[in-house]
Protein chains: 2
Amino acid sequence: MFMEWDRLYLGDCRAVLVGFPQNSVDLIFTSPPYADNRRKSPYKGVSIDRYVKWFLPISNELKRVLKPEGSFVLNIKERAIHGERQTYVLELILKMKQQGWLWTEEYIWHKKNCYPGKWPNRFRDAWERCLHFTKDKRFKMFQEAVMVPMGSWKEKRLSQLSNNDLIRHESTVSSGLDRKVSNWVGRRLAYPTNVLYLPTECSNRNHGATFPETLPTWFIRLFTQEGDVVLDPFMGSGTTAIACIKNNRHFIGIEITRQYYEVAYDAIKIEKAKAILQSLNH
Amino acid sequence: MFMEWDRLYLGDCRAVLVGFPQNSVDLIFTSPPYADNRRKSPYKGVSIDRYVKWFLPISNELKRVLKPEGSFVLNIKERAIHGERQTYVLELILKMKQQGWLWTEEYIWHKKNCYPGKWPNRFRDAWERCLHFTKDKRFKMFQEAVMVPMGSWKEKRLSQLSNNDLIRHESTVSSGLDRKVSNWVGRRLAYPTNVLYLPTECSNRNHGATFPETLPTWFIRLFTQEGDVVLDPFMGSGTTAIACIKNNRHFIGIEITRQYYEVAYDAIKIEKAKAILQSLNH
DNA sequence: GTTCCGCATGAATCGATAG
DNA sequence: ACTATCGATTCATGCGGAA
């Protein structure tokens with residue numbers, strides 16, 4: 001039931017990517033396993049000192065399959081160990097530049113609800129990097145697709161809004177991805193910044209998704225148009241793919257573990273079915 | 001009228017710092033001239049490719065004068081040139097590690113109202129790095145001094161709160177330095193995260209202040225106690241010094257340009273006078 | 001049908017304890 | 001001395017059962 005361009009692969013992206021044609025993908029959005037973090041994944045072996053060397057061949061293949069006007073958004077964050085932040089992400093940026101990538105921008109995902117905890121030497125880590133790489137200075141960017149209502153929600157007459165509306169609205173301020181677009185009627189729109197203030201999704205139906213659907217959705221709308229192709233070489237439970245279906249983009253997903261692959265497969269099948277039914281209603 | 005420990009220097013910090021005793025400063029907070037940014041400053045000549053080499057001798061002196069349990073907070077952000085983010089800040093972190101600094105944390109200053117503008121290839125830059133370096137894994141940190149009102153979700157459910165309470169709840173993610181915090185007496189406090197959501201405040205006649213007073217204030221309260229000594233080797237218009245006076249910390253400021261030095265001198269004199277009058281009222 | 005409350009849980013990190 | 005494992009800490013969120 002998947003269409004020609006919508007494909008899932010069960011396998012190691014290092015091997016799978018080799019078979020892809022060059023210059024064929026409009027956007028790569030992915031969140032690779034962080035160094036020594038996912039204990040249940042086969043990537044467990046990627047230690048901190050080997051991380052950059054492990055990733056560079058992958059980023060090289062990604063550069064090959066990406067269209068010249070396409071974008072690569074890498075969601076990643078280094079850990080703190082023994083009181084120090086690790087530096088492998090910084091080194092990765094420098095090496096990818098040597099590889100020919102342009103480091104165009106660093107977007108910040110400011111997590112609305114981050115992991116709890118208390119330590120004597122640091123606070124909770126409430127942000128992650130979304131590194132934006134391109135092959136060319138002239139890349140596709142559709143800024144209007146992610147515009148947000150101007151001004152703060154406080155400007156609206158509070159007394160007329162229910163508390164639910166207030167809560168919902170606050171969550172839209174930075175993302176502009178809420179369904180309640182009706183609230184925006186008559187409001188002027190503004191361009192967002194390079195900081196995304198989004199909640200993490202926890203303990204809901206999302207099987208182990210490491211980022212909320214709004215994160216890939218934002219970049220998909222920003223860097224692609226309908227019908228474009230989006231690749232996620234570390235698909236996980238398929239959050240990027242779901243975001244693609246909901247926004248009429250094609251997707252290619254690669255996942256190395258059978259467990260996550262099957263979770264993603266089922267979720268995508270359901271989302272596809274929903275999309276078909278919805279298109280029939282129109 | 002300055003006290004023994006409160007000192008201002010007109011000169012190049014590379015020369016001035018040499019005369020300082022070692023292990024004598026509790027906190028260094030500074031925002032150095034960004035590469036090729038301050039055209040009016042004598043540091044204008046610091047080009048991007050020379051920036052790291054220019055800064056390393058300074059950071060080495062800073063390490064010497066900092067107490068072993070002290071902290072160094074470096075507010076900096078690389079520029080984007082010809083569509084690319086520059087990498088000199090990343091390289092600086094790596095080199096300072098080699099120099100013996102511990103890169104303890106990277107705090108994010110999420111700017112509430114950032115500089116306006118529109119470009120075809122990027123959004124407005126709404127964040128800056130506040131790099132936290134230390135000499136030792138065991139450094140002073142007073143987390144209780146910067147606690148913020150806890151999310152109201154658990155205490156009372158939202159439906160029971162007034163609209164005013166809802167507005168204040170927004171300040172949960174901000175610094176907690178507002179006067180409104182006093183209204184939260186009796187409410188539980190929570191520890192903040194490593195993201196500071198602060199306005200950029202150009203309200204005062206702050207001549208060219210590159211950061212709002214709340215930014216140094218937050219770190220001063222977090223990393224020092226009353227009577228401690230704070231150093232800003234690139235004082236500018238004296239924002240860090242003002243924050244010190246208001247929080248009963250001693251300060252040492254160094255500024256290379258006579259214009260900024262005089263602006264800072266006057267502002268500090270006024271703030272000192274205010275502080276003295278206030279202490280008499282008690 | 002609502003609203004309300006309890007509870008589990010999530011890209012975490014440190015220090016102590018054990019091998 | 002070095003690595004490996006475990007408990008303690010913490011809070012926004014959604015789910016489900018109760019009022």
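First the proteins, then the strands, lettered A, B, ... as listed; each starts at 1.
Between A/Trp127 atom CH2 and D/dA12 atom P there is a gap of 21 Å when expressed in whole angstrom units. Rounded to an integer number of Å, the gap from A/Arg85 CZ to C/dA11 P is 16 Å. Atom pair A/Leu198:CG and D/dA12:P shows a separation of 17 Å (rounding to whole Å applied). Between the P atom of D/dG7 and the CH2 atom of A/Trp119 lies a distance of 18 Å, rounded to the nearest Å. One atom, OH of A/Tyr115, and another, C1' of D/dT13, lie 14 Å apart when rounded to the nearest Å. Per the geometry, CD1 belonging to A/Ile48 stands 12 Å off P belonging to D/dT3, to the nearest Å. If you measure from atom CG of B/Asn194 to atom C1' of D/dT10, you get 14 Å, rounded to the nearest angstrom. As a whole-Å value, the separation of A/Asp125 CG from C/dG10 C1' is 14 Å.
Relative orientation of the A/Trp101 and A/Phe72 rings is tilted, given thresholds of 30° and 60° on the angle between their planes.
Between A/Lys77 and A/Pro120, the one whose closest nucleotide on DNA chain C sits nearer the 5' end is A/Lys77. A residue-by-residue look at A/Cys114 and A/Ile81 shows that A/Cys114 has its nearest nucleotide of DNA chain C further toward the 5' end.
With C/dT13, D/dT10, D/dT13 as the candidates, the nucleotide lying closest to the side chain of A/Pro116 is D/dT10. Nearest nucleotide to the side chain of A/Lys112, out of C/dA11, D/dT13, C/dG10: D/dT13. The A/Asn121 side chain lies nearest to C/dC14 when the options are D/dC11, C/dC14, D/dT13. Among the nucleotides C/dT13, D/dC11, D/dT9, the one closest to any side-chain atom of A/Ala80 is C/dT13. Comparing atom distances between the A/Lys118 side chain and each of D/dT10, D/dA12, C/dG10 picks out D/dT10 as nearest. Listed candidates were C/dC14, D/dA12, C/dG10. Nearest to the side chain of A/Asn113 is D/dA12.
Judged by distance alone, the side chains of A/Glu128 and A/Tyr34 do bring a donor and an acceptor atom under 3.5 Å apart.
B/Lys95 NZ: 12 or fewer foreign heavy atoms inside a 6.0 Å radius. Counting heavy-atom neighbours within 6.0 Å of A/Gln278 CD, excluding the residue itself, gives a total of 12 or less. Atom NZ of A/Lys118 sits in a crowded spot, with more than 12 heavy atoms from other residues, nucleotides or ligands closer than 6.0 Å.
Ion pairing between B/Glu69 and B/Arg138 fails under the 4.0 Å rule for side-chain N and carboxylate O. With respect to the salt-bridge test (charged N to carboxylate O, under 4.0 angstrom), the residues B/Asp26 and B/Lys67 qualify.
Residue contacts for A/Ile76: at a heavy-atom cut-off of 4.0 Å it reaches no nucleic acid atom on any strand shown. Heavy atoms of B/Arg138 sit nowhere under 4.0 angstrom from any nucleic acid atom.
For the salt bridge (charged side-chain N to carboxylate O under 4.0 Å, His left out) criterion with B/Glu105, the lone passing option out of A/Arg85, A/Arg124, A/Arg79 is A/Arg85.
For DNA chain D, runs of at least 3 consecutive pairs of the Watson-Crick or G-U wobble type, with both hydrogen-bonding distances under 3.5 angstrom, map to C:2-10 with D:11-19, C:12-19 with D:2-9.
Residue side chain A/Thr200 does not reach the base of D/dA12 through any donor-acceptor N/O pair under 3.5 Å, judged by distance alone.
One finds no side-chain N or O of A/Arg122 lying less than 4.0 angstrom from the OP1 or OP2 phosphate oxygen of C/dA12. Phosphate contact (OP1/OP2 of C/dT13, side-chain N/O of A/Arg124, threshold under 4.0 Å): absent.
Here, C/dA11 and D/dA8 have their P atoms 22 Å apart, quoted to the whole Å. Comparing the same atom, C1', in C/dG10 and in D/dT9 gives a spacing of 14 Å after rounding to whole Å. Atom name C1', nucleotides C/dT9 and D/dT10: the rounded distance is 12 Å, in whole Å.
Taken to the nearest 0.5 Å, the CG atom of B/Leu27 stands 12.5 Å off from the CD atom of B/Gln225.
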